[in-house]
Amino acid sequence: MKKVLGCIRRACEDFHLIEDGDIVAVGVSGGKDSLLLLYALSLYRKFAPQRFEVKGLTLTMGLEPFDTSKVAALCEKLGVEYIVRPTEIGRIIFEERHEKNPCSLCAKMRRGALNDLAKECGCNKVALGHHRDDALETLLLCLLHEGRIHTFHPKSYLSKADLTVIRPMVYLPEKHIIHVAREMQLPIIPSPCPANGATEREEMKYLLDSLCKLYPNAREMMLS
């Protein structure tokens, strides 16, 4: 956890992610990344130079099974308010629209619903659990599928929603997240998504691993 908090502190200092008085909504999908971010920010707020609040927000997708009771118990232990908002996003995409490439539309719908919920809960920032490898995979996706050099930003202001999206784990390697999540026995909820594990992002993950076999420091160079 020391490395996790160190990476978060570095990102906060480098990109001014958190300010005094912020109410930060952590988008909790139930996966390892978002659960670790929720846990880490609940600890970081105790010694950070800024005074801020943390809330956990979960969108259910209308796909079963999806039991949030253990996440709720974790939030109670951490002293973090936890809000669950039922949606039918998954059912609409897979059962009504039968999308062949569902990930883009799903992400767009989930972002909109999460932002709306964050505003309803009085939050001014939304923290997402994207890590270092997510940034590099996004870079490869944009390069190979869109022909441009781009990845997401650690901090983005959404003028239409009047919200700031932050990614405090942008310096943290995924392999370390896997290790810490396992050691802490975080209550990970298995994804009920039919497309889970069969996406273009998974292809980029394999490509990145292949690059690192040839160039061991590829991740560090690409991140810079």
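Of the listed residues (Leu37, Leu36, Asp33), just one forms a side chain to side chain contact (heavy atoms under 4.5 Å, CB included) with His131, and that residue is Asp33. When each of Arg201, Arg219, Lys175 is checked for a salt bridge (charged side-chain N to carboxylate O under 4.0 Å, His left out) with Asp133, only Arg219 meets the rule. The only option from Val180, Leu38, Leu35, Val71 that meets the side chain to side chain contact (heavy atoms under 4.5 Å, CB included) definition with Leu186 turns out to be Leu35.
Counted by atom type alone, Thr58 and Thr68 present zero donor-acceptor pairs between their side chains at under 3.5 Å. For Arg110 and Thr87, the side-chain atoms include no donor-acceptor pair closer than 3.5 Å.
Applying the side chain to side chain contact (heavy atoms under 4.5 Å, CB included) criterion to Ser42, with sequence neighbours excluded, gives Arg45, Leu78, Val80. Listed by chain and number, the residues in a side chain to side chain contact (heavy atoms under 4.5 Å, CB included) with Arg182 are Ile178 (sequence neighbours excluded).
For residues 69-89, no residue pair satisfies the ring pair (Phe, Tyr, Trp, His ring centres under 6.0 Å) rule, not counting sequence neighbours. Pairs of residues two or more places apart, or lying in two chains, that qualify as ring pair (Phe, Tyr, Trp, His ring centres under 6.0 Å) and include a residue from residues 37-80 are Tyr44-Phe47. Identified under the side-chain hydrogen bond (donor to acceptor under 3.5 Å, both in side chains) test for residues 158-174, with sequence neighbours left out: Asp14-Tyr171, Lys32-Glu174, His130-Arg167, Tyr157-Asp162, Glu174-Lys205.
Using a 4.5 Å heavy-atom cutoff, the side chains of Val165 and Lys125 are not in contact. Side-chain atoms of Pro173 and Lys3, non-hydrogen and from C-beta on, do get closer than 4.5 Å to each other. Inter-residue side-chain proximity for Arg132 and Glu220 is flagged as met; some heavy-atom pair is nearer than 4.5 Å. Under the 4.5 Å side-chain criterion, counting only non-hydrogen atoms from C-beta, Met61 is not in contact with Met109. Inter-residue side-chain proximity for Leu63 and Pro194 is flagged as met; some heavy-atom pair is nearer than 4.5 Å. Residues Leu59 and Val84 are not in side-chain contact: their nearest non-hydrogen atoms beyond the backbone lie 4.5 Å or more apart. Counting only heavy atoms from C-beta outward, the side chains of Met222 and Leu140 approach each other to under 4.5 Å. Residues Val4 and Leu43 fail the side-chain proximity criterion, which asks for heavy atoms closer than 4.5 Å.
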TODO: Mind running salt bridge (Lys or Arg N to Asp or Glu O under 4.0 Å) on Arg91 and Glu88 for me, showing each step along the way?
DONE: CA-CA 5 Å; Arg91 187 184 61 79; Glu88 294 296 314; 2.6 Å; yes
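Atom CD of Glu120 has more than 12 neighbouring heavy atoms from other residues, nucleotides or ligands inside a 6.0 Å radius. In the displayed structure, Glu64 atom CD is contacted under 6.0 Å by more than 12 heavy atoms of other residues, nucleotides or ligands.
Taking SG from Cys121 and CD1 from Ile83, the interatomic distance works out to 4.0 Å, rounded to the nearest 0.5 Å. The CD atom of Glu203 sits 13.5 Å away from the CG atom of Leu208 when rounded to the nearest 0.5 Å.
No donor-acceptor pair closer than 3.5 Å links the side chain of Asn115 to the backbone N or O of Ala161.
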Side chains of residues 147-154: which donor-acceptor partners sit under 3.5 Å, not counting sequence neighbours?
| residue | atom | partner | partner atom | Å |
| --- | --- | --- | --- | --- |
| Arg148 | NE | Glu146 | OE1 | 2.5 |
| Arg148 | NH2 | Glu146 | OE1 | 3.0 |
| Thr151 | OG1 | Ala135 | O | 2.7 |

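The two residues Ala40 and Ile8 come nearest to each other via the heavy atoms CB-CD1, 3.5 Å.
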